[in-house]
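The structure under discussion appears below in the form of structure tokens.
All values below come from the heavy atoms of this structure, side chains included, with hydrogens, waters and symmetry mates left out. Note that the numbering runs from 1 along the sequence shown for the chain.
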Amino acid sequence: YLGVGYSDGVILSYECSYNGKNSSDRKFSNISRSEAEKIAEDFIKKINPTICENIEIKSEGKTDLTGNSHYFYLNRYHNGIPVLGEGGHISISKDNGQVRYFSLEYDTQITFENNDNIIDVETAKTEYAKKISPELYYAYHYDYEKKDVKVFPEYMSQDRNIVIDAATGEKYYYSDTTVKQESATLKANGAADAGFSKAELDEISEIDGLISSETAENIAREKKNIDIEKRYVLDNFTLSSDYMDSAKYLFNLRFSDKSKDKTEFIRVNVDAKDGTIMSFNKPGDYSAKNQNKENEKKIAENALQEFTNNKYKNLEYKEDEQIGNVTYVRKENGIEVLGQQASFFFDGNDKLVSYNLTYTDSLTFPSIENVLSVEEAVKKVAEDIDLTLFYAVDYENKNAKQVYGFFEDGDVLSFVIDPFTGKRIDYAGEEVIGDTLISYSDIEGHYAEDKFLKLAEYGIGFADGAVRICPLIPDMAVQIIDIV
């Protein structure tokens with residue numbers, strides 16, 4: 001098959017069936033990464049000759065041993081400046097050099113502001129450090145291989161979509177789907193498994209302390225803030241476990257009303273040990289606009305007490321002017337735990353129609369004694385940040401402004417730092433270190449030079465760039481760790 005998409009004279013997507021070998025048929029690729037990059041460059045020139053000069057091709061890091069394609073980022077530039085949200089990806093077969101997939105975001109209607117009187121990057125760094133307003137949070141990351149949760153504190157900007165206006169040095173806010181927040185906000189309760197078999201259910205029923213499905217149904221029906229009318233019948237339920245807390249089980253109940261032309265559902269998740277309502281959702285009327293924030297807060301406060309029986313006393317109301325939702329966040333040691341919260345959503349008549357509580361009891365929170373002060377954190381940011389000048393696009397008005405921020409592979413990264421060291425950290429709480437590709441320093445003229453270059457593509461080599469296998473020095477010592 002072959003699929004092509006285009007708009008305003010620009011081809012934006014291309015995909016075709018693969019005619020090469022499966023990855024299990026070979027060990028190393030027939031097409032090197034540099035050859036694949038040249039194929040990608042020629043392909044873009046051929047299909048989009050009028051804009052190809054504005055597209056930069058960048059490797060996505062070292063080559064994957066198991067995959068059957070080379071992958072590249074595509075970044076759009078205007079007058080040598082990258083454009084946020086405009087770019088894509090392209091993949092090239094390692095086996096035969098075939099272009100397998102191409103996708104590009106490229107809006108030809110954007111008007112770019114060109115301002116020669118912009119602040120320099122050092123001034124931008126100073127202004128950014130002053131205005132990011134870092135706040136201390138707890139974040140967490142689940143390691144699927146180790147089946148373990150790591151909880152860690154981090155400093156993160158309260159203004160997560162902040163960049164610096166290159167013309168004025170002031171904050172500039174934007175909303176863009178490409179923004180990456182480098183923090184762990186996993187929703188434990190929303191990622192339970194698909195349920196158990198009958199044999200597993202029989203075994204689980206023997207676990208002390210679990211309520212029955214009948215009890216779970218009664219609990220759900222008793223809650224006034226859910227308001228399950230008699231016409232709704234329980235037609236399905238499952239029992240599932242929480243992947244982050246193996247001791248936690250949830251009844252997933254589905255009630256249906258088939259009396260209308262279109263079947264309506266109410267779904268409720270109940271903690272199978274203590275009967276806490278963990279989530280629910282039901283139909284609502286969104287056509288009306290009879291909403292009041294103070295009224296929503298009162299309903300949410302009452303519902304939280306009814307659903308949890310005041311079990312979670314460390315959930316605090318979070319100020320938010322947005323109509324239609326109310327949020328309570330979990331706090332430990334006085335700071336917010338990202339992703340652990342109770343969220344309430346209302347329809348146009350301020351009727352509570354959806355609720356979700358994400359709260360993992362098994363999390364252990366490290367001490368936050370001796371963390372850097374906010375002032376010290378800001379100073380670290382000013383010393384270590386590396387800002388990039390790029391265009392931020394206002395798609396509604398079709399214009400782009402020059403701004404400074406953390407720009408990488410077509411995306412902007414929010415600034416997150418270790419509160420003890422001041423170093424940038426990623427979503428898992430690990431220090432951010434660039435993906436350094438292997439290069440060899442002593443293979444020029446070697447009969448196997450092309451083989452060593454192929455090894456380098458896969459990240460195979462020594463940190464100092466030496467091969468250490470030289471035919472002129474046959475007795476050169478090679479340690480076991482070098483071979484491994």
Determine the minimum heavy-atom distance between [X] and [Y], stating which atoms define it.
X	Y	result
Arg33	Ser59	CD-OG, 3.4 Å
Ala300	Val326	CB-CG1, 3.7 Å
Pro283	Ile266	CD-CG1, 4.3 Å
Ile31	Ala36	CG2-N, 3.8 Å
Lys150	Ala428	NZ-O, 3.3 Å
Gly405	Phe390	N-CE2, 3.4 Å

Q | Trace of the side-chain contact (heavy atoms from CB on, under 4.5 Å) decision for Thr360 with Val149 | A | CA-CA 10 Å; Thr360 307; Val149 183; over 6 Å; no
Q.
Taking salt bridge (Lys or Arg N to Asp or Glu O under 4.0 Å) as the cut-off, I'd like each qualifying pair that reaches into residues 288-306, sequence neighbours left out, listed once.
A.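 As it turns out, the salt bridge (Lys or Arg N to Asp or Glu O under 4.0 Å) pairs with a partner in residues 288-306, which skip direct neighbours, are Glu294-Lys297.
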Q: Go through the steps for Ile299 and Asn225 under the test side-chain contact (heavy atoms from CB on, under 4.5 Å), then give the verdict.
A: CA-CA 8 Å; Ile299 295 173; Asn225 284 287; 4.1 Å; yes
[X] and [Y]: side chain donor to acceptor below 3.5 Å:
X	Y	answer
Asn252	Ser240	yes
Asn356	Thr358	yes
Ser279	Asn269	yes

Are any side-chain N or O atoms of [X] and backbone N or O atoms of [Y], one a donor and one an acceptor, separated by less than 3.5 Å?
X	Y	answer
Asn309	Lys311	no
Glu154	Gly429	no
Tyr142	Tyr243	yes
Glu127	Glu170	no
Asn30	Asp95	yes
Arg76	Leu104	no
Ser13	Gly5	yes
Lys282	Ile226	yes

Q: Take Val99 and Ile92 through the test side-chain contact (heavy atoms from CB on, under 4.5 Å) and record every step on the way to the result.
A: CA-CA 5 Å; Val99 178; Ile92 309 297; 3.7 Å; yes
Suppose we screen for salt bridge (charged side-chain N to carboxylate O under 4.0 Å, His left out). Which residues come up paired with [X], at least two apart in sequence or across chains?
X	answer
Glu105	none
Lys260	Glu264
Lys331	Glu316

Q: Enumerate the residue pairs fulfilling ring pair (Phe, Tyr, Trp, His ring centres under 6.0 Å) with a member in residues 318-351, sequence neighbours excluded, ordered by first and then second residue.
A: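 Only Tyr317-Tyr328, Phe344-Tyr355 qualify under ring pair (Phe, Tyr, Trp, His ring centres under 6.0 Å).
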Heavy-atom distance under 4.5 Å between the side chains of [X] and [Y], does that happen here?
X	Y	value
Leu315	Tyr359	yes
Ile277	Val268	yes
Ile211	Ile219	yes
Val374	Pro134	yes
Asp426	His141	no
Leu210	Phe251	no
Tyr106	Ser7	no
Gln341	Lys318	no

Q. Would His89 and Phe72 count as a close aromatic pair, with their ring centres under 6.0 Å?
A.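 Here the rings of Phe72 and His89 have centres that are no less than 6.0 Å from each other.
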Point-to-point distance, once rounded to the nearest 0.5 Å, from [atom1] of [X] to [atom2] of [Y]:
X	Y	atom1	atom2	answer
Phe280	Ile228	CZ	CD1	8.5 Å
Tyr249	Asp242	OH	CG	10.5 Å
Leu74	Phe102	CG	CZ	6.0 Å
Phe255	Phe237	CZ	CZ	11.0 Å
Asp361	Thr276	CG	OG1	8.5 Å
Leu352	Asp227	CG	CG	10.5 Å

Q) Around atom OH of Tyr101, are there more than 12 heavy atoms of other residues, nucleotides or ligands at under 6.0 Å? A)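 Result for OH/Tyr101: open.
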Q) Just wondering, are more than 12 heavy atoms of other shown residues or ligands nearer than 6.0 Å to CG in Asp148? A)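 Counting neighbours around CG of Asp148, more than 12 heavy atoms of other residues, nucleotides or ligands fall under 6.0 Å, so yes.
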(Q) Looking at Tyr173, I'd like to know if the NZ or CZ of Lys171 sits under 6.0 Å from its six-membered ring centre while staying within 45 degrees of the ring's axis. (A)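 Not satisfied by the 6.0 Å and 45° rule.
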Q | Electrostatic pair Lys351-Asp285, nearest N-O below 4.0 angstrom | A |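 No, no charged N to carboxylate O under 4.0 Å.
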Q) Salt bridge between Glu332 and Arg330, side-chain N to carboxylate O under 4.0 Å? A)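 Salt bridge present between Glu332 and Arg330.
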(Q) Assess the residue pair Tyr404 and Tyr128 against the criterion (ring-ring contact (aromatic ring centres under 6.0 Å, His included)); give the C-alpha distance rounded to whole Å, side-chain angles, the decisive distance to 0.1 Å, and a yes or no. (A) CA-CA 9 Å; Tyr404 283 102; Tyr128 186 92; over 10 Å; no
(Q) Suppose we screen for side-chain hydrogen bond (donor to acceptor under 3.5 Å, both in side chains). Which residues come up paired with Glu229, at least two apart in sequence or across chains? (A)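 Arg231.
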**Q.** Worked check of side-chain contact (heavy atoms from CB on, under 4.5 Å) between Asp107 and Tyr395
**A.** CA-CA 9 Å; Asp107 192 329; Tyr395 286 99; 4.0 Å; yes
Q: For a side-chain contact (heavy atoms from CB on, under 4.5 Å) with Ile335, tell me which candidate from Tyr138, Phe365, Tyr137 qualifies.
A: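 The passing option is Tyr138.
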